[in-house]
**Q** 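Below is one structure. I have some questions about it.
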Amino acid sequence: MPWATNIACSLPSASFRLIGDNWCDDTIGDMPVTKKSDPVNIPSYPHEVLAVVLSVRDGNLCVLLWRRGQSPFRYRWALPGGGVRPTERLREAITGHLAAKVDVRDVAHLEQLATHSAIDRDPRTRVLATAYLGLVPSDVRPNLPADTAWRRVDELPRTAFDHHYFIDAAVGRLRAKLSYTNIGFALAPAEFTIAELRDLFSAALGYELSATNLTRVLTRRQVIGPTDRTARPGQSGGRPATVYKFVARELTVTDPFAVLRPPR
């Protein structure tokens with residue numbers, strides 16, 4: 001998949017409008033023509049921003065998708081996003097689209113993921129796309145529109161355009177950073193037990209983790225720490241579980257050489 005260079009222009013040739021219950025990008029125009037009188041004599045193209053929002057839902061790593069109501073790729077599932085206004089930076093544009101279109105405002109972590117520049121990625125005209133990885137804690141419940149849903153990353157439906165490439169890249173990025181950063185804070189509630197955190201990590205990584213090993217690794221790196229609270233015992237009884245929290249709730253590299261590996 002070709003990648004766009006840093007000199008690609010982000011001009012707002014793409015606009016989005018509401019048709020019924022669906023946000024449609026069918027107003028993307030043709031490629032602008034460069035004029036000799038232009039201050040910067042570089043061809044410009046429509047540029048959209050997309051969000052790969054991941055979260056653990058009901059024990060599974062899921063991505064937020066909406067179902068398109070218009071061609072091209074009618075009825076296929078797509079990543080939320082939209083165009084970039086002349087006065088917006090890319091990050092401002094994607095946070096605005098998430099809040100306005102799918103009512104997702106509680107994104108605990110957001111980072112730029114990738115830019116795709118394949119000439120034919122959109123059948124209407126050439127459109128550059130920059131995607132962001134967003135993470136939502138498992139206890140946050142946004143009020144999603146009827147055409148929007150959390151879909152399991154290991155059971156993806158057919159997606160529109162090249163959006164599956166962005167999803168694959170986002171899942172890979174998250175799983176890698178779970179090894180060497182504290183990015184788990186963006187998936188977890190503010191407070192949790194070790195068993196709850198183990199389940200979140202296992203869902204995100206795609207394999208089972210040992211609660212004992214996870215506790216040892218994260219406490220040794222000072223990623224998590226105990227609170228003065230305990231959780232109520234479950235139906236089977238036992239000792240009350242210690243409640244933990246992340247020491248920092250912003251991204252930090254904790255061990256640049258660490259790698260979490262699935263059990264053999």
Side-chain angles (χ1 to χ4, degrees), residues 51-67 77 79-80 98 102-110 133-159 163-164 166-179 181-219 223-224 227 229-246 249 259-264:
V52 187
V53 181
L54 301 178
S55 184
V56 175
R57 301 280 143 171
D58 299 322
N60 299 290
L61 183 62
C62 296
V63 61
L64 190 66
L65 299 175
W66 70 283
R67 201 169 190 183
W77 293 85
L79 296 169
L98 285 175
V102 292
D103 195 34
V104 174
R105 295 173 171 83
D106 297 315
V107 178
H109 176 73
L110 186 69
L133 165 62
L135 301 177
V136 172
S138 60
D139 62 335
V140 172
R141 302 289 172 180
N143 185 22
L144 301 179
D147 62 355
T148 305
W150 295 103
R151 303 301 300 261
R152 291 177 54 166
V153 299
D154 59 352
E155 296 180 357
L156 282 180
R158 296 185 68 186
T159 56
H163 291 187
H164 62 290
F166 287 117
I167 297 170
D168 289 346
V171 172
R173 174 80 62 87
L174 170 62
R175 288 175 173 171
K177 285 196 169 182
L178 283 170
S179 290
T181 76
N182 67 337
I183 201 169
F185 78 86
L187 297 173
E191 295 184 345
F192 46 83
T193 64
I194 290 298
E196 291 168 341
L197 188 65
R198 185 261 326 268
D199 291 344
L200 286 173
F201 268 65
S202 296
L205 290 169
Y207 56 83
E208 292 295 322
L209 287 175
S210 162
T212 301
N213 290 339
L214 183 64
T215 306
R216 184 176 65 250
V217 170
L218 296 184
T219 54
V223 173
I224 62 173
T227 69
R229 298 198 317 105
T230 57
R232 294 180 179 178
Q235 294 181 351
S236 60
R239 296 174 55 187
T242 300
V243 173
Y244 286 78
K245 66 179 181 179
F246 277 86
R249 296 193 70 86
V259 178
L260 292 174
R261 301 183 185 278
R264 295 180 179 180

**Q** I'd like to know if the side chain of Arg152 and the backbone of Leu61 have a donor-acceptor N/O pair within less than 3.5 Å.
**A** no
**Q** Drop me the distance from His109's NE2 to Asn182's CG, to the nearest 0.5 angstrom.
**A** 9.5 Å
**Q** Considering non-hydrogen atoms only, spot the tightest contact between Gly134 and Leu110 and give its length.
**A** CA-CD1, 3.9 Å
**Q** Testing the basics here: between Cys62 and Val153, what is the closest heavy-atom pair and its distance to 0.1 Å?
**A**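 Closest approach of Cys62 to Val153, heavy atoms only: C-CG1, 4.0 Å.
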**Q** Does any part of the side chain of Leu187, heavy atoms only, come nearer than 4.5 Å to the side chain of Leu174, both counted from C-beta?
**A** yes
**Q** Could you check whether any side-chain heavy atom of Ile194 comes within less than 4.5 Å of a side-chain heavy atom of Thr242, counting everything from C-beta outward?
**A**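 Answer no - side chains too far apart.
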**Q** Just by modelled atom types, is the Val243 backbone N or O under 3.5 Å from a matching donor or acceptor in the Thr227 side chain?
**A** yes
**Q** Could I get the full list of side-chain contact (heavy atoms from CB on, under 4.5 Å) partners for Ala195, not counting sequence neighbours?
**A** Thr193, Arg198
**Q** How far apart are the closest heavy atoms of Pro189 and Ser138, and which atoms are they?
**A** CD-OG, 3.7 Å
**Q** Are any of the side-chain heavy atoms of Leu218 and Leu197 separated by less than 4.5 Å?
**A**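 Side-chain contact under 4.5 Å: yes.
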**Q** For a quick test of reading the model, state the closest non-hydrogen atom pair linking Ala190 to Arg249 and the distance between them.
**A** CA-NH1, 3.9 Å
**Q** Name the orientation class of the two ring planes belonging to Tyr244 and Phe192 (parallel below 30°, tilted from 30 to 60°, perpendicular beyond 60°).
**A** parallel
**Q** Hey, are the side chains of Leu64 and Val52 touching, using non-hydrogen atoms and a 4.5 Å cut-off?
**A**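 Result no, sub-4.5 Å side-chain heavy-atom pair not found.
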**Q** Please say which of Val107, Val136, Asp106 ends up in a side-chain contact (heavy atoms from CB on, under 4.5 Å) with Leu98.
**A**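 Among Val107, Val136, Asp106, the one meeting side-chain contact (heavy atoms from CB on, under 4.5 Å) with Leu98 is Val107.
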**Q** Are the side chains of Leu65 and Leu156 in contact, using a 4.5 Å heavy-atom criterion?
**A**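 SC-SC contact between Leu156 and Leu65 confirmed.
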**Q** Do you know the tightest heavy-atom contact between Val56 and Ala203?
**A**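 The pair with the smallest heavy-atom distance is CG1-CB, 3.8 Å.
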**Q** Do Trp150 and Val63 make a side-chain contact, defined as non-hydrogen atoms from C-beta onward lying under 4.5 Å apart?
**A** no
**Q** So is Arg158 actually on top of Trp77's ring, under 6.0 Å and inside 45° of the axis?
**A** no
**Q** Look up atom CD in Glu196 and atom CZ in Phe201, then write down how far apart they are to the nearest 0.5 Å.
**A**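 Here the interatomic distance stands at 13.5 Å.
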**Q** Mind listing the closest non-hydrogen atom pair of Phe246 and Gly184 along with its distance?
**A**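 Reported closest heavy-atom pair: CZ-C, 3.4 Å.
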**Q** Is the closest side-chain donor-acceptor distance between Arg57 and Ser55 under 3.5 Å?
**A**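 Side chains of Arg57 and Ser55: pair found under 3.5 Å.
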**Q** For Ile183, is there any backbone N or O sitting under 3.5 Å from a side-chain donor or acceptor partner on Thr181?
**A**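 Answer holds: yes.
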**Q** Under the side-chain contact (heavy atoms from CB on, under 4.5 Å) rule, collect the residues that match up with Arg173, sequence neighbours excluded.
**A** Glu111, Leu113, Leu133, Lys177
**Q** Look only at the side chain of Asn60 and the backbone of Asp58, and say whether a donor-acceptor pair between them is shorter than 3.5 Å.
**A**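 Judged by distance alone, yes, a pair lies under 3.5 Å.
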**Q** Between the main-chain N or O of Leu79 and the side-chain N or O of His163, is there a donor-acceptor pair closer than 3.5 Å?
**A**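 Yes: the side chain of His163 pairs with the backbone of Leu79.
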